[in-house]
Participant: 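Here you go, one structure.
A note on names: the letters A, B, ... follow the listed sequences, proteins ahead of strands, and every chain is numbered from 1. These values consider heavy atoms only, across backbone and side chains, with no hydrogens, waters or symmetry-generated copies.
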There are 2 protein chains.
Amino acid sequence: MYQRQLRIALAQYNFAVGDIDANRDRVIDAIGRARSEGVSVIAFPELALTGYPPEDLLFKPRFIDANLRALDAIVGSTTEITAVIGFVDRQADIYNAAAVVSDGNLSGIYHKQFLPNYGVFDEERYFQSGTENTVFKLNDVTIGVSICEDIWYPGGPAREQTLRGDADVLINISSSPFHDGKGLRRDQMIATRAADHGVILAFCNLVGGQDELVFDGGSLVVDQTGSVIAQANRFDEQLLIADLDIDSVFRHRLHDPRRRKEKSTAGPAISPIVLQTRQPKANPETTTDNMASPSPPAYRSEDRLRDIYRALVVGTRDYVRKNGFGKILVGLSGGIDSALVAAIAYDALGQDSVGLVTMPSRFSSDDTQSDAQQMAENLGIDLLTLPIQGIFDTYLEELSDEFAGKPFDTAEENIQARIRGNLLMALCNKFGWLVLTTGNKSEMSMGYATLYGDMAGGYAVIKDIYKTLVYDLSEYRNSFADGPVIPQSIIERPPTAELREDQFDTDSLPPYDVLDPILQAYVEEDRSLKEIVELGYDEKLVARVIRTVDLNEYKRRQSPPGVKITPRAFGRDRRLPITNRCREY
Amino acid sequence: MYQRQLRIALAQYNFAVGDIDANRDRVIDAIGRARSEGVSVIAFPELALTGYPPEDLLFKPRFIDANLRALDAIVGSTTEITAVIGFVDRQADIYNAAAVVSDGNLSGIYHKQFLPNYGVFDEERYFQSGTENTVFKLNDVTIGVSICEDIWYPGGPAREQTLRGDADVLINISSSPFHDGKGLRRDQMIATRAADHGVILAFCNLVGGQDELVFDGGSLVVDQTGSVIAQANRFDEQLLIADLDIDSVFRHRLHDPRRRKEKSTAGPAISPIVLQTRQPKANPETTTDNMASPSPPAYRSEDRLRDIYRALVVGTRDYVRKNGFGKILVGLSGGIDSALVAAIAYDALGQDSVGLVTMPSRFSSDDTQSDAQQMAENLGIDLLTLPIQGIFDTYLEELSDEFAGKPFDTAEENIQARIRGNLLMALCNKFGWLVLTTGNKSEMSMGYATLYGDMAGGYAVIKDIYKTLVYDLSEYRNSFADGPVIPQSIIERPPTAELREDQFDTDSLPPYDVLDPILQAYVEEDRSLKEIVELGYDEKLVARVIRTVDLNEYKRRQSPPGVKITPRAFGRDRRLPITNRCREY
């Protein structure tokens with residue numbers, strides 16, 4: 001009996017926003033590589049040609065036209081292969097689209113049907129939505145194509161394409177960003193969707209950082225039972241190749257009474273678009289690599305920390321590199337936040353691309369200073385020391401008339417933080433570097449940070465990491481093969497901003513193991529005061545935390561971008577008014 | 001013959017976001033006032049109970065519930081009157097809704113059908129859209145209700161409600177924000193819509209500032225020919241009352257063959273919801289005020305400047321007051337931007353609420369310093385002088401090793417700007433004030449400003465005003481009855497940042513009368529390099545401007561909010577990636 005096989009490739013590449021020519025060249029290159037591996041069908045992520053998300057670049061007609069020209073150039077490169085490429089289609093309106101290009105012909109175009117407009121997404125702002133559940137016939141294999149959000153709807157095109165279009169294989173091209181826990185949820189959904197429709201499902205995801213988003217890859221091929229055929233790495237570029245046993249789909253369906261019943265009421269059959277192609281025979285000699293375990297691995301705690309740490313590294317690396325910075329600068333205070341950020345910068349960019357500065361005042365202890373020194377030594381990076389006391393004194397002198405008789409308060413604290421911000425920025429302005437800021441999500445939530453001071457900089461690496469998670473990630477980083485880099489004394493010292501005598505974070509904030517769960521319940525889950533108190537927290541404390549979070553929206557509005565890690569990061573994910581008299585806690 | 005009359009009131013009030021209890025009380029108060037004036041129907045703006053736009057407050061169930069409780073409380077206050085109130089309806093999903101409350105009963109609810117999701121709007125993020133073109137019967141008058149965006153669609157509910165529902169009067173409740181030129185466009189559209197459907201149209205708009213938006217009021221009642229019956233002031237609160245001659249609508253329709261033809265194919269009639277109410281007779285003794293001219297006034301250039309200036313004043317006043325600041329601080333450089341901002345602050349908040357500081361360096365000229373002094377004297381405000389040279393010298397000393405052998409460049413320029421930012425913020429932190437920043441749109445576009453320096457502050461009053469318009473507005477302000485406040489020498493001096501010897505803006509930027517039209521074409525109209533060159537500008541210059549605008553997205557992302565004036569302000573209106581390799585100019 002003739003065995004129907006299909007060799008498929010998923011190009012999990014880091015396509016940059018706006019870089020249409022380079023993206024085109026990488027698509028053409030991947031097609032060539034896939035062809036040489038005997039691949040019949042290669043898929044690229046959603047909006048691969050423009051990068052994702054292009055945001056208001058989509059309002060520039062010439063940008064859309066450039067992406068169409070890039071697609072034209074790619075068509076000619078598809079000799080003896082079929083490619084599914086994410087691009088912006090321009091008809092009377094524009095669409096988030098997938099081109100199906102086969103053997104030098106643009107054979108068909110699929111338009112995304114479900115446009116996400118929640119969380120960080122604004123697709124209703126730009127696109128018309130599609131309505132056609134097209135399927136394609138490549139020799140004896142029927143293929144349905146859909147785009148990202150489409151596959152998250154149980155009654156969406158996947159259902160129509162398998163039930164009415166008899167698709168054997170579904171290809172979903174995505175640009176699905178990371179947040180903590182999303183990989184698992186997505187893998188589960190993909191497996192369920194394949195099993196629900198009795199179809200092989202290939203999910204091709206973008207990888208790389210774009211402003212606040214990190215796309216985590218993890219492209220996946222599952223069979224009609226939901227078992228994993230192949231999975232790409234998370235956070236890395238990869239050309240994932242897999243051989244699909246198409247006959248297994250039909251064998252499976254013979255046993256599927258659910259499908260049979262549903263099909264009888266599913267509506268008219270969808271006629272496939274036939275792909276005209278001289279397909280090379282799949283070369284049985286070529287072994288496909290990247291074969292993963294037969295079912296999704298169980299997620300463990302280390303996986304969670306590993307994913308988050310990778311996201312921070314990739315997000316930082318891509319922000320710095322894609323924006324053309326050669327070197328970054330981190331102010332080391334001797335505390336854990338700046339230590340973790342320095343370690344991430346080191347892992348993201350390498351020793352030679354990281355500059356470290358410490359800026360002690362008279363409130364800085366010998367312990368924190370020697371820890372900063374030790375941290376720098378552990379990374380093998382020189383530590384520049386710029387004491388700020390002299391500058392601070394001239395400010396106090398300048399303001400002595402106005403401040404006369406007033407107690408030392410946050411005004412004086414902030415002056416110090418802003419002197420440090422000024423020094424870091426001066427070095428960066430002089431040498432063309434980028435400052436990484438070191439504030440964590442607990443601080444950003446509570447406004448426990450100085451605008452234009454420690455918040456001054458181009459990228460806020462850990463702005464979406466709660467302080468308790470900062471500790472976990474520091475311990476995790478210290479478990480790497482190159483040995484601990486963050487001194488244990490930094491991890492053990494009670495947190496302090498060192499902006500006045502004997503200051504500790506707990507003077508102003510509840511302990512972080514109490515604060516962080518309250519923040520998570522309020523910021524990410526929109527829980528009410530009453531609901532949070534019912535979790536076992538003191539009512540006065542919860543009320544104070546909620547009020548403080550609300551009052552500091554203005555600070556967050558001026559903070560630099562940073563990696564989104566949680567399901568609800570500050571920024572586009574959480575759009576609250578600054579002027580806000582809401583007291584409905 | 002019995003004459004059908006309806007006295008209507010439009011409550012053009014400043015409802016604050018989140019301030020549900022206060023908004024409820026103001027609604028009840030307005031209803032009482034209207035009743036005492038013999039009003040039969042009173043309308044309030046879109047989402048009056050929550051304020052507009054509530055943004056992600058809508059994700060808090062308790063916020064929605066509080067707005068429902070407020071509506072409940074209002075229902076009881078509607079004895080012998082009908083009220084149309086914007087609120088968030090909660091069914092299985094939430095809706096942007098209008099409650100029609102009559103004589104103590106909640107008689108019906110209309111759900112907004114067209115949810116704006118462009119420009120500054122994100123309504124698809126929150127709401128389900130409505131489908132019902134309800135009309136209401138109040139004694140012998142049929143009324144259709146719609147919400148904001150709905151009336152902008154020629155085939156929307158206005159058409160259904162008049163054609164199939166035989167509405168005599170349409171009430172549109174809106175929260176429609178200002179931009180330059182919008183008032184005229186809106187008035188024209190309202191007049192056209194009324195004439196198209198042969199119906200009296202009452203448009204009730206919000207007034208007041210909310211973060212970057214200013215709602216300009218201008219509530220309007222037009223008759224079935226498009227003539228103005230009454231119009232409220234722009235930018236002020238007002239309870240606009242008008243007497244409607246309902247019979248005139250029917251008389252008009254007897255002459256309208258277009259309506260007759262359309263009606264025959266319009267679909268089934270809409271049955272009205274009958275409002276059970278003991279309506280007081282309209283009191284013919286009460287004269288209605290606020291009667292405007294019989295047709296919309298022609299817009300003149302002074303009107304344009306007046307509107308923009310009012311928007312700046314209202315936006316600043318409401319940001320400061322609604323956020324609870326008593327006093328604001330402006331750094332006066334002796335240049336025109338800070339002079340205009342000081343004048344706006346003075347007009348918005350009054351003499352006693354404005355602090356002025358000048359912070360000269362060795363690059364500051366005697367002329368600019370004496371102009372700053374004169375400006376302060378003109379406003380009757382003391383000018384605090386804080387020279388920065390001593391502080392600047394200590395920075396240079398601190399950085400002398402790192403900067404050795406390097407020429408004086410933007411690093412040193414920015415240090416000075418950041419010292420000023422630090423001093424302004426120190427004063428504000430000490431005394432609880434707010435800094436107003438003074439950058440204009442030309443500077444914000446080109447990044448000709450120092451992050452954490454002159455960009456440091458809470459509200460950026462003129463961030464959406466091009467430099468050429470800064471001059472026009474300054475001349476306009478100097479024409480006020482209280483006499484010129486901005487010294488003529490400030491208006492006449494060539495612009496300079498005074499951050500180095502003999503510096504002029506034109507060292508770094510093209511002349512503003514060349515730059516501003518290029519910026520407008522690129523930033524607001526998304527025109528291409530080629531298209532802008534065709535307007536008559538030098539290609540190299542245009543290319544440099546475009547590139548500079550793109551490269552400075554990161555600065556704008558960290559800028560404070562400020563009043564939206566143009567059709568496309570930086571901020572929510574223009575969402576571009578920072579990481580952006582697009583070179584498709």
Participant: Please rank B:L529, B:N422, B:N117, B:D526 by heavy-atom pairs under 4.5 Å with chain A and give me the top one.
Facilitator: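 Max contact count across the listed options: B:N422.
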Participant: Using a cut-off of under 4.5 Å for heavy-atom pairs, which of A:E124, A:R418, A:E397 has the most such pairs with chain B?
Facilitator: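 Option with the top pair count is A:R418.
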Participant: Given that the side chain runs from C-beta out, which part of B:F63 has a heavy atom under 4.5 Å from chain A: side chain, backbone, both or neither?
Facilitator: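 Answer is both: backbone and side chain atoms of B:F63 are under 4.5 Å from chain A.
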Participant: For the pair B:K463 and B:E212, find out whether any cationic side-chain nitrogen is under 4.0 Å from an anionic carboxylate oxygen.
Facilitator: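 Between B:E212 and B:K463 there is a salt bridge, with a charged N closer than 4.0 Å to a carboxylate O.
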Participant: Does any backbone or side-chain atom of B:A16 lie under 4.5 Å from a heavy atom of chain A? Answer side chain, backbone, both or neither.
Facilitator: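 For B:A16, side-chain heavy atoms alone lie under 4.5 Å from chain A.
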Participant: So which of A:M455, A:Q210, A:E398, A:K60 has the largest heavy-atom pair count under 4.5 angstrom toward chain B?
Facilitator: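 Sorted descending by pairs with chain B, the first entry is A:E398.
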Participant: Do you know which of B:G458, B:C428, B:G457 has the most heavy-atom pairs with chain A at a distance under 4.5 angstrom?
Facilitator: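 Highest number of heavy-atom pairs under 4.5 Å: B:G457.
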Participant: Measure distances from A:R556 to the heavy atoms of chain B and classify the residue's part below 4.5 Å as side chain, backbone, both or neither.
Facilitator: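 Nothing of A:R556, per the 4.5 Å heavy-atom cut-off to chain B.
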Participant: Report which part of B:P387 has an atom under 4.5 Å of a heavy atom belonging to chain A: side chain, backbone, both, or neither.
Facilitator: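 Backbone plus side chain of B:P387, per the 4.5 Å heavy-atom cut-off to chain A.
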Participant: Taking B:D401, B:I388, B:L384 one by one, which has the highest count of heavy-atom pairs under 4.5 Å against chain A?
Facilitator: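 Greatest number of close heavy-atom pairs with chain A: B:L384.
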Participant: If you count heavy-atom pairs under 4.5 Å between each of B:I20, B:L423, B:T410 and chain A, which one has the most?
Facilitator: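 Option with the greatest count: B:L423.
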Participant: Using the six-membered ring wherever Trp is involved, compare the ring planes of B:F121 and B:Y52 and label them parallel, tilted or perpendicular (cut-offs 30° and 60°).
Facilitator: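 If you compare the ring of B:F121 with that of B:Y52, the planes turn out tilted.
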Participant: Could you have a look at A:K555, A:K530, A:R568, A:E413 and say which one has the most heavy-atom pairs with chain B under 4.5 angstrom?
Facilitator: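 Ranked by heavy-atom pairs under 4.5 Å with chain B, first place is A:R568.
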Participant: Identify which part of B:S528 has an atom lying under 4.5 Å from any heavy atom of chain A, answering side chain, backbone, both or neither.
Facilitator: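 Both backbone and side chain of B:S528 come within 4.5 Å of chain A.
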Participant: Measure B:L551 against the heavy atoms of chain A and call it side chain, backbone, both or neither at under 4.5 Å.
Facilitator: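 Nothing of B:L551, per the 4.5 Å heavy-atom cut-off to chain A.
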Participant: With a 4.5 Å heavy-atom cut-off, do B:V523 and B:V549 have their side chains touching?
Facilitator: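 Heavy-atom side-chain distance check passes, below 4.5 Å.
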Participant: What I want to find out is whether A:D56 reaches A:R125 closely enough, with some N-O distance under 4.0 Å, to be called a salt bridge.
Facilitator: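 Result for this pair is yes, salt bridge flagged.
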Participant: Do B:Y126 and B:F59 pass the ring pair (Phe, Tyr, Trp, His ring centres under 6.0 Å) test, and can you show the C-alpha distance, the side-chain angles, and the key distance before you say yes or no?
Facilitator: CA-CA 8 Å; B:Y126 307 108; B:F59 291 138; 5.3 Å; yes
Participant: Do B:L213 and B:P53 have side chains that approach each other closer than 4.5 Å (heavy atoms only, starting at C-beta)?
Facilitator: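 The answer is yes, as the side chains (C-beta and beyond) meet within the 4.5 Å cut-off.
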Participant: Contact part of B:D573 toward chain A, heavy-atom cut-off under 4.5 Å: side chain, backbone, both or neither?
Facilitator: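 Only the backbone of B:D573 comes within 4.5 Å of chain A.
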Participant: Heavy-atom pairs under 4.5 Å with chain A - which of B:T579, B:N580, B:T394 has more of them than the others?
Facilitator: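 Counting heavy-atom pairs under 4.5 Å, the top option is B:T579.
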Participant: So which part of B:I391 gets closer than 4.5 Å to some heavy atom of chain A, the side chain, the backbone, both or neither?
Facilitator: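 Both parts, backbone and side chain.
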Participant: Should the pair B:K430-A:E412 be classified as a salt bridge under the 4.0 Å nitrogen-to-oxygen rule?
Facilitator: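 Yes.
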Participant: When only pairs under 4.5 Å are counted, which of B:V17, B:L427, B:L451, B:L399 shares the most heavy-atom pairs with chain A?
Facilitator: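 That would be B:V17.
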Participant: Going by an N to O cut-off under 4.0 Å, is there a salt bridge joining B:D21 and B:R24?
Facilitator: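 Salt bridge present between B:D21 and B:R24.
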Participant: Using 30° and 60° as the class boundaries, would you call the ring planes of A:F392 and A:F408 parallel, tilted or perpendicular?
Facilitator: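 Because their plane-to-plane angle is over 60°, the rings of A:F392 and A:F408 count as perpendicular.
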Participant: Would you call A:R575 and A:D122 a salt bridge, using N to O less than 4.0 angstrom?
Facilitator: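 A salt bridge links A:R575 with A:D122.
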